[in-house]
Amino acid sequence: MSTRKRYWMMKSEPDAFSIDDLERVGTEPWNGVRNYQARNFMRDGMRVGDGVMLYHSNCKVPGIAGLATVASAAYPDSTQFDPKSHYHDPKATPETPRWFLVDVAFERKLKRLIPLEEIKQHTDELGEGFALTAKGSRLSVFPVTAAQWKLLLSLE
DNA sequence: GCCAACGTTGGC
DNA sequence: GCCAACGTTGGC
């Protein structure tokens with residue numbers, strides 16, 4: 001398997017957890033993801049050192065806010081076992097965990113937020129399958145190709 | 001705050 | 001295994 005670094009997009013609502021929060025804490029277990037496709041990308045696709053773009057969703061100006069790196073291999077999300085947690089999953093047990101996460105480490109804020117509105121102007125280059133701009137897509141963790149990464153960063 | 005699009009659940 | 005009902009996401 002290739003050892004080349006992979007790239008990812010991860011969404012977060014800035015009211016809940018923003019790039020500034022990530023800068024403050026340095027490294028964060030990316031808990032609370034409860035979508036199988038997103039889980040699979042974290043569990044099966046991510047490796048330490050991979051590049052991450054942090055996207056601010058469900059806010060006044062949605063867009064890409066900063067860069068981070070994958071800082072751990074995937075491991076079970078402990079909030080699934082906690083009955084008091086909003087993310088509790090009664091069907092998950094430590095013996096058979098259902099949800100996995102990775103640690104995400106702050107790298108830098110972008111010089112400016114790249115608004116979704118601008119990203120949409122490059123749909124042709126990004127491709128119709130790009131999850132950020134694909135109609136109806138709500139996926140919160142998904143891969144970004146090297147070419148997409150380069151293009152998006154050129155908008156900074 | 002609205003609502004379209006989507007994923008999950010559970011009765012049958 | 002179908003599918004209606006429900007809950008969530010997230011742009012606008």
Side-chain angles (χ1 to χ4, degrees), chain A residues 6-25 28-46 50-70 74-104 106-145 147-149 151-156:
Chain A
R6 297 174 185 175
Y7 300 99
W8 307 93
M9 186 83 68
M10 299 177 91
K11 295 183 188 173
S12 180
E13 300 191 11
D15 286 350
F17 192 82
S18 70
I19 189 69
D20 293 314
D21 294 320
L22 184 59
E23 181 170 29
R24 193 173 314 117
V25 299
E28 177 76 0
W30 210 255
N31 58 33
V33 172
R34 293 294 180 269
N35 170 280
Y36 289 106
Q37 214 179 338
R39 177 203 68 181
N40 293 348
F41 284 133
M42 288 197 287
R43 188 189 61 186
D44 308 330
M46 288 189 179
D50 283 357
V52 174
M53 284 178 164
L54 182 60
Y55 177 86
H56 282 177
S57 67
N58 199 19
C59 53
K60 195 165 183 182
V61 183
I64 301 168
L67 301 183
T69 53
V70 175
Y75 61 96
D77 179 344
S78 63
T79 63
Q80 71 192 301
F81 311 126
D82 179 1
K84 292 192 290 288
S85 171
H86 175 66
Y87 300 119
H88 179 235
D89 184 340
K91 292 182 180 168
T93 66
E95 292 72 35
T96 56
R98 180 182 287 196
W99 305 109
F100 291 78
L101 54 69
V102 297
D103 292 341
V104 173
F106 177 81
E107 186 171 318
R108 69 175 178 87
K109 290 176 71 169
L110 296 192
K111 293 175 217 138
R112 68 177 188 105
L113 182 128
I114 303 171
L116 176 63
E117 192 179 8
E118 280 185 43
I119 296 168
K120 281 179 168 176
Q121 292 167 14
H122 299 271
T123 300
D124 285 352
E125 301 140 271
L126 290 166
E128 288 189 5
F130 188 52
L132 197 63
T133 46
K135 181 175 163 60
S137 173
R138 301 178 315 185
L139 198 54
S140 66
V141 177
F142 55 90
V144 176
T145 67
Q148 289 165 341
W149 179 275
L151 170 65
L152 291 168
L153 269 190
S154 77
L155 304 178
E156 185 181 1

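Keep in mind it's a predicted model, so treat the numbers as computed, not measured. Within every chain, numbering begins at 1; the chains are lettered A, B, ... in the order of the sequence lines, protein sequences first and strands thereafter.
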Can you list the steps and then say if A:Asp21 with A:Glu28 is a side chain to side chain contact (heavy atoms under 4.5 Å, CB included)?
CA-CA 9 Å; A:Asp21 294 320; A:Glu28 177 76 0; over 6 Å; no

Verdict with reasoning, A:Asp15 to A:Asn58, per side chain to side chain contact (heavy atoms under 4.5 Å, CB included)
CA-CA 9 Å; A:Asp15 286 350; A:Asn58 199 19; over 6 Å; no

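Side-chain contact check for A:Met53 versus A:Leu110: every heavy-atom pair is 4.5 Å or farther apart. Counting heavy atoms from C-beta on, the side chains of A:Gln80 and A:Pro97 come closer than 4.5 Å. Looking only at side-chain heavy atoms (C-beta outward), A:Trp30 and A:Val70 stay at 4.5 Å or farther from each other.
Shown here are the side chain to side chain donor-acceptor pair (under 3.5 Å) partners of A:Arg34, two or more places apart in sequence or in another chain: A:Asp77, A:Thr79. Among residues two or more places apart in sequence or in another chain, the ring pair (Phe, Tyr, Trp, His ring centres under 6.0 Å) test is passed with A:Phe81 by none.
Non-hydrogen atoms lying under 4.0 Å from DNA chain B are contributed by nothing in residues 113-128 of chain A.
Among residues at least two apart or in separate chains, there is no side-chain hydrogen bond (donor to acceptor under 3.5 Å, both in side chains) pair with a member in residues 126-142 of chain A.
Each of A:Phe41, A:Phe130, A:Trp8 was compared with A:Phe142 under the ring pair (Phe, Tyr, Trp, His ring centres under 6.0 Å) criterion, and only A:Phe130 meets it.
In this structure, A:Tyr75 has its ring center at least 6.0 angstrom away from the ring center of A:Trp99.
Closest-nucleotide positions on DNA chain B for A:Lys135 and A:Asn58 were compared, and the one nearer the 5' end corresponds to A:Asn58.
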Would you tabulate the nitrogen or oxygen pairs shorter than 3.5 Å linking the protein to nucleotides 2-9 of chain C?
residue, atom, partner, partner atom, Å
C:dT8, O2, A:Arg138, NH1, 2.7

Report all interatomic pairs (protein N or O, nucleotide N or O of nucleotides 10-12 of chain B) with separations under 3.5 Å.
none

